[in-house]
Amino acid sequence: METTNLLKKVLHSLEAVQASTSDTAEPSVREQLDEAISDIQQLIEDGDSDEDARSKALACLGRVFDKMPSIVAIIKLFSG
């Protein structure tokens, strides 16, 4: 149940990023966001084991971050 709640938070965050970048993001970024959102929705529906779902969610986020170098730069800035 905790993992499902975390996945829902990730989903809402990705949807917020998608909404805020819809006019400015490159097509490849929009495609990756669409795919990640779809993948997270599927994880929520499938109810995979906690560890498996978390691993898959992190992989989705990694693919999004690869397409959005500005987000990676911000994360690096805050992480020291």
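- No side-chain heavy atom of Leu61 sits under 4.5 Å from any side-chain heavy atom of Ile40.
- A heavy-atom distance below 4.5 Å is found between the side chains of Gln41 and Glu15.
- The CD atom of Glu45 sits 11.5 Å away from the OG1 atom of Thr4 when rounded to the nearest 0.5 Å.
- The distance from the SG atom of Cys60 to the NZ atom of Lys56 is 9.5 Å, given to the nearest 0.5 Å.
- Screening Leu11, Asp39, Thr3 against Ile44 for a side-chain contact (heavy atoms from CB on, under 4.5 Å) leaves a single residue, Leu11.
- Looking at Thr21, its side chain does come within 3.5 Å of a backbone N or O of Val17 through a donor-acceptor pair.
- Take Gln42 and apply the side chain to side chain donor-acceptor pair (under 3.5 Å) test, not counting sequence neighbours, and it matches Asp46.
- Scanning all heavy atoms of the two residues, the minimum distance from Ala57 to Leu43 falls at N-CD1, 3.8 Å.
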Side-chain donor-acceptor pairs of residues 29-38 under 3.5 Å, sequence neighbours excluded:
| from | atom 1 | to | atom 2 | distance (Å) |
| --- | --- | --- | --- | --- |
| Arg30 | NH1 | Ala25 | O | 2.4 |
| Asp34 | OD1 | Gln18 | NE2 | 2.3 |

